[in-house]
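One structure below.
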Amino acid sequence: MTTKTICCLGAGYVGGPTCCIIAQQCPDIQVIVVDKSAERIASWNSSDLPIYEPGLAEVVEECRGRNLIFSTDIEAAIRAADIIFICVNTPTKTFGLGRGKAADLKYVELAARMIADTVEAGGGRKVVVEKSTVPVKAAESIENILRHNLKPGVSFQVLSNPEFLAEGSAVEDLKNPDRVLIGGEETEDGRAAVCALVDVYKRWVPHDRIITMNTWSSELSKLAANAFLAQRISSINSMSALCEATGADVSEVALAIGRDTRIGPKFLQASVGFGGSCFQKDILNLVYISECLNLPEVAEYWSQVVSFNTFQRSRFARRIVESLFNTVTDKKICLLGFAFKKNTGRVAKGDTRESAAIYIGRHLLDEGAYLSIYDPKVSAGQVKTDLQDVENPGVFDRLVSCHTDPYVAASEAHAVVVCTEWDEFLTLDYNRIFKSMTKPAFLFDGRKMLNHEELGKIGFHVETIGRRLQRRNLERGWN
């Protein structure tokens with residue numbers, strides 16, 4: 001099977017960057033990215049892309065108009081395509097059976113039905129690739145829909161090809177992946193479909209990094225990978241609590257255990273906890289699947305990873321209040337960073353999904369604090385969306401202010417809280433910030449990224465994750 005045209009249903013975070021790299025690496029294949037949102041497609045066709053990722057704009061500029069097309073003509077793209085990627089949203093259900101845990105597959109089903117309805121009789125062989133994060137057996141559901149709506153002269157093969165993108169490094173992850181998983185049926189037609197997708201990826205991915213397997217293993221591998229990564233974060237964060245209680249330094253502990261080649265050093269950076277759209281959603285999905293399969297012990301094991309992440313956020317927020325003499329009422333607290341991690345999100349609106357800053361901010365607002373927020377990417381509108389209390393909308397307008405200058409945000413604050421590891425926070429003039437703050441001036445480093453000894457010399461009372469620090473500037477002499 002020779003692939004001439006690829007169609008992607010969904011121009012979001014997965015579909016957009018993935019197809020941009022395919023277009024760049026396969027200039028002889030026409031790649032069409034389609035979406036129902038005319039506004040989103042218009043953004044992809046402008047210089048103001050709807051997604052911010054380092055290096056992505058350059059790839060789009062190189063390929064758009066050559067073999068990369070962004071369009072709202074979904075039906076035409078499906079009919080023209082040899083391979084169809086399903087890259088639609090799969091949020092956690094907010095109502096009904098599995099509420100709060102199960103993945104909502106509404107959009108996946110709609111995509112499958114659109115494919116079945118659009119491909120005309122005599123349309124030939126189509127390979128449908130499930131790219132969205134889905135529970136095990138979702139490919140089977142797609143296949144059932146396609147099979148029961150099959151037209152003469154049309155055949156479908158459904159593959160699983162999960163994405164393993166980390167926000168902030170998606171372009172590099174796509175260009176130089178650790179592995180590419182492709183799952184398909186263990187039949188002659190299934191193997192032919194797998195080979196067709198392998199042929200696309202092998203244009204730039206070494207063959208030994210392309211792993212083929214059955215569909216169910218591929219689907220479960222995606223959930224398992226995110227669960228294991230989140231587990232490591234919660235594990236080192238649990239050590240951070242012990243370190244603070246005993247006087248150990250969690251960075252030194254992480255270095256020691258990371259030197260063990262069986263463990264390795266990655267994802268051992270203690271912090272206020274993980275955020276983003278994937279980790280919590282995928283773990284809760286895994287918990288729900290385990291419960292449905294009557295595996296309560298497995299479900300409880302993985303649910304503890306999420307529970308500890310919640311504990312880490314609330315523990316850090318309580319520490320802020322306790323350090324500020326057990327009250328933050330009417331005190332100005334400056335939050336540096338609101339995105340869940342650096343180099344993420346949209347150009348005009350950073351990615352704040354499950355950001356620790358949201359949980360910390362809400363806790364401080366409940367305590368009556370004034371929040372002064374600076375983030376280089378997140379808009380004031382997004383902050384309002386995340387923090388506004390529906391029952392008390394006036395609280396946000398009264399207690400929260402957003403700024404485009406970190407020095408203005410920190411002026412007259414009682415405390416500065418680093419919530420996101422933006423590189424620019426490393427080079428701020430902390431002498432200037434200290435002089436403008438209310439004394440004693442507190443600094444809470446939730447990302448363990450700053451030079452705490454230097455900050456202490458300036459005069460800050462510094463608190464961080466997983467380490468006790470001297471409190472020289474609070475010592476008081478008695479005559």
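Note that these values count all heavy atoms, side chains included, but never hydrogens, waters or copies made by symmetry.
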State whether a side-chain donor-acceptor pair under 3.5 Å links [X] with [Y].
X	Y	answer
D386	Q382	yes
H363	S314	no
E167	Y13	no
N237	R313	no
K131	T18	no
Q231	Y301	yes
S271	E421	no

Are there more than 12 heavy atoms of other residues, nucleotides or ligands under 6.0 Å from atom [atom1] of [X]?
X	atom1	value
K435	NZ	no
E61	CD	no
R99	CZ	no
Y407	OH	yes
F164	CZ	yes

Under 3.5 Å donor-acceptor, [X] side chain and [Y] backbone:
X	Y	value
E53	G168	yes
S43	P50	no
S323	I320	no
N226	A230	no
R209	P177	yes
E219	A139	yes

Taking all non-hydrogen atoms of both residues, which atom of [X] and which atom of [Y] are closest, and how far apart?
X	Y	result
G275	F340	C-CD1, 3.5 Å
C243	V253	SG-CG2, 4.0 Å
A410	M437	O-CG, 3.5 Å
L324	K331	O-NZ, 2.9 Å
R319	T464	NH1-O, 2.6 Å

message = Ring-plane angle category for Y201 and W204, please: parallel below 30°, perpendicular beyond 60°, tilted otherwise.
response =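 It falls in the tilted class, 30° to 60°.
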ask   = What class does the angle between the rings of F460 and Y430 fall in, given that below 30° is parallel, 30 to 60° is tilted and above 60° is perpendicular?
value =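 Plane angle over 60°, so perpendicular.
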Distance check, rounded to the nearest 0.5 Å: [X] atom [atom1] versus [Y] atom [atom2]?
X	Y	atom1	atom2	answer
L455	F442	CG	CZ	14.0 Å
S169	N176	OG	CG	11.0 Å
T246	R468	OG1	CZ	7.0 Å
L223	W302	CG	CH2	10.5 Å
L220	T215	CG	OG1	12.5 Å
I373	I333	CD1	CD1	11.5 Å

ask   = Charged N to carboxylate O under 4.0 angstrom, K377 versus E424?
value =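 No, this pair does not count.
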task = Taking the side chain as every heavy atom from C-beta outward, state whether L174 and P17 have any atom pair closer than 4.5 Å.
result =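 Yes; the side chains approach each other to less than 4.5 Å.
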message = Checking salt bridge (Lys or Arg N to Asp or Glu O under 4.0 Å) between R315 and each of E463, E322, E244, which is the one that passes?
response =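 Among the candidates, only E244 passes.
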